[in-house]
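Here's the structure, in structure tokens; my notes come after.
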Amino acid sequence: MALEWLQVFISFLVSNVLGYGGGPASIPLMYEYIVAQRGWLSDYEFSNMLALGNSLPGPIATKIAAYVGYGVTGWVGFAGALTATVVPSAAALIFLLKVLQKHRTSPVVKGMTLLVQPVIAIMMAVLTWQMAQSSAASIGLLQSLGIAAAAFWAMNIRKLHPALVILAAFAYGALVLSRSM
């Protein structure tokens with residue numbers, strides 16, 4: 001139990017310290033620890049947790065930490081994962097805001113923040129590709145593409161809130177599953 005709690009703590013600490021840009025940027029790092037390295041969740045479970053977590057209010061990183069931490073080692077894991085997720089960001093925010101106030105016009109500071117953005121974009125693209133492969137494998141390529149196209153249309157053309165799109169996908173999944181049984 002002590003070793004697993006420490007693994008949970010370190011996994012979320014590293015994911016959130018290196019996840020430049022907040023929760024969405026740390027999701028691929030969390031995926032690496034949660035699914036690929038530790039096997040605490042499967043691809044399918046991670047996708048479902050991510051979808052449900054995005055439909056709830058609040059930061060996604062803390063919801064992932066709470067769910068996985070509790071699932072691995074109960075309340076101790078819950079507290080450890082949340083602490084590892086929140087404390088580094090809060091401490092870094094306080095420290096960095098003080099530094100940035102001093103150096104806000106520096107070209108070095110501007111360059112650092114601009115040049116890390118492509119790395120974050122690639123990390124998100126890789127995670128998207130992995131989730132798309134998992135989706136296509138579980139429900140089929142055509143249905144996955146149809147749902148993705150409908151979600152794109154709903155969020156970008158109709159400007160629906162992502163939570164409503166996720167809820168609609170849950171409802172569609174329940175309808176399709178109930179008909180197949």
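No experiment lies behind these values; they were computed from the predicted model shown.
- Of all heavy-atom pairs between Lys63 and Gly58, the closest is NZ-O, 3.0 Å.
- Shown here for Leu115 and Pro118, the closest heavy-atom pair between the two residues is O-CD, 3.3 Å.
- Through direct or relayed side-chain contacts under 4.5 Å between Ile, Leu, Val, Met, Phe, Trp and Tyr, Tyr70 connects to Trp75, Phe78, Leu82.
- Applying the side chain to side chain contact (heavy atoms under 4.5 Å, CB included) rule to Gln130 yields the partners Tyr31, Val126, Leu127; only residues at least two apart in sequence or on another chain are considered.
- To the nearest 0.5 Å, the span separating OG on Ser26 from CD1 on Ile64 amounts to 6.5 Å.
- Side-chain atoms of Pro88 and Leu13, non-hydrogen and from C-beta on, do get closer than 4.5 Å to each other.
- In this structure a side-chain-to-backbone donor-acceptor pair under 3.5 Å is present from Ser144 to Gly140.
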Exercise. Could you walk me through whether Val68 and Met49 pass the side-chain contact (heavy atoms from CB on, under 4.5 Å) test, one step at a time?
Key: CA-CA 9 Å; Val68 173; Met49 176 200 54; 3.9 Å; yes
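- If you take CD1 on Ile166 and CG on Asn54, they are separated by 5.0 Å, rounding to the nearest 0.5 Å.
- With rounding to the nearest 0.5 Å, the separation of CG in Leu18 from CD in Glu32 is 12.0 Å.
- Counting only heavy atoms from C-beta outward, the side chains of Gln7 and Thr73 never approach each other to under 4.5 Å.
- Ile122 and Val116 fall into different hydrophobic clusters, where Ile, Leu, Val, Met, Phe, Trp and Tyr side chains are chained together by heavy-atom contacts under 4.5 Å.
- When the side chains of ILVMFWY residues are joined at heavy-atom separations under 4.5 Å, either directly or via intervening members, Trp153 and Val165 end up in two distinct hydrophobic clusters.
- Side chains of Val35 and Met30 form no contact here, defined as non-hydrogen atoms less than 4.5 Å apart.
- Contact annotation: the side chain of Gln143 approaches that of Tyr172 to within less than 4.5 Å [non-hydrogen atoms, C-beta and beyond].
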Exercise. With side-chain contact (heavy atoms from CB on, under 4.5 Å) as the test, would you mind laying out the steps for Asn48 and Leu41 before giving the verdict?
Key: CA-CA 10 Å; Asn48 283 343; Leu41 297 177; over 6 Å; no
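- No more than 12 heavy atoms of other residues, nucleotides or ligands shown are found within 6.0 angstrom of CZ on Phe152.
- Here the side chains of Leu50 and Met131 are in contact, with some heavy-atom distance below 4.5 Å.
- Rounded to the nearest 0.5 Å, atoms CD1 (Ile34) and OG (Ser15) are 7.0 Å apart.
- With respect to Phe12, the side-chain contact (heavy atoms from CB on, under 4.5 Å) criterion is satisfied by exactly one of Thr85, Val86, Thr83: Thr85.
- Nearest heavy-atom pair across Gly80 and Trp5 is CA-NE1, 3.8 Å.
- Atom OG of Ser138 and atom CD of Gln133 lie 12.0 Å apart (nearest 0.5 Å).
- Remark: Lys98 NZ to Leu93 CG distance equals 11.0 Å, nearest 0.5 Å.
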Quiz prompt | Test side-chain contact (heavy atoms from CB on, under 4.5 Å) applied to Trp40 and Val8, step by step | solution = CA-CA 10 Å; Trp40 291 326; Val8 167; 3.8 Å; yes
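- Hydrophobic clustering, with ILVMFWY side chains joined whenever heavy atoms are under 4.5 angstrom apart, groups Tyr33 together with Leu6.
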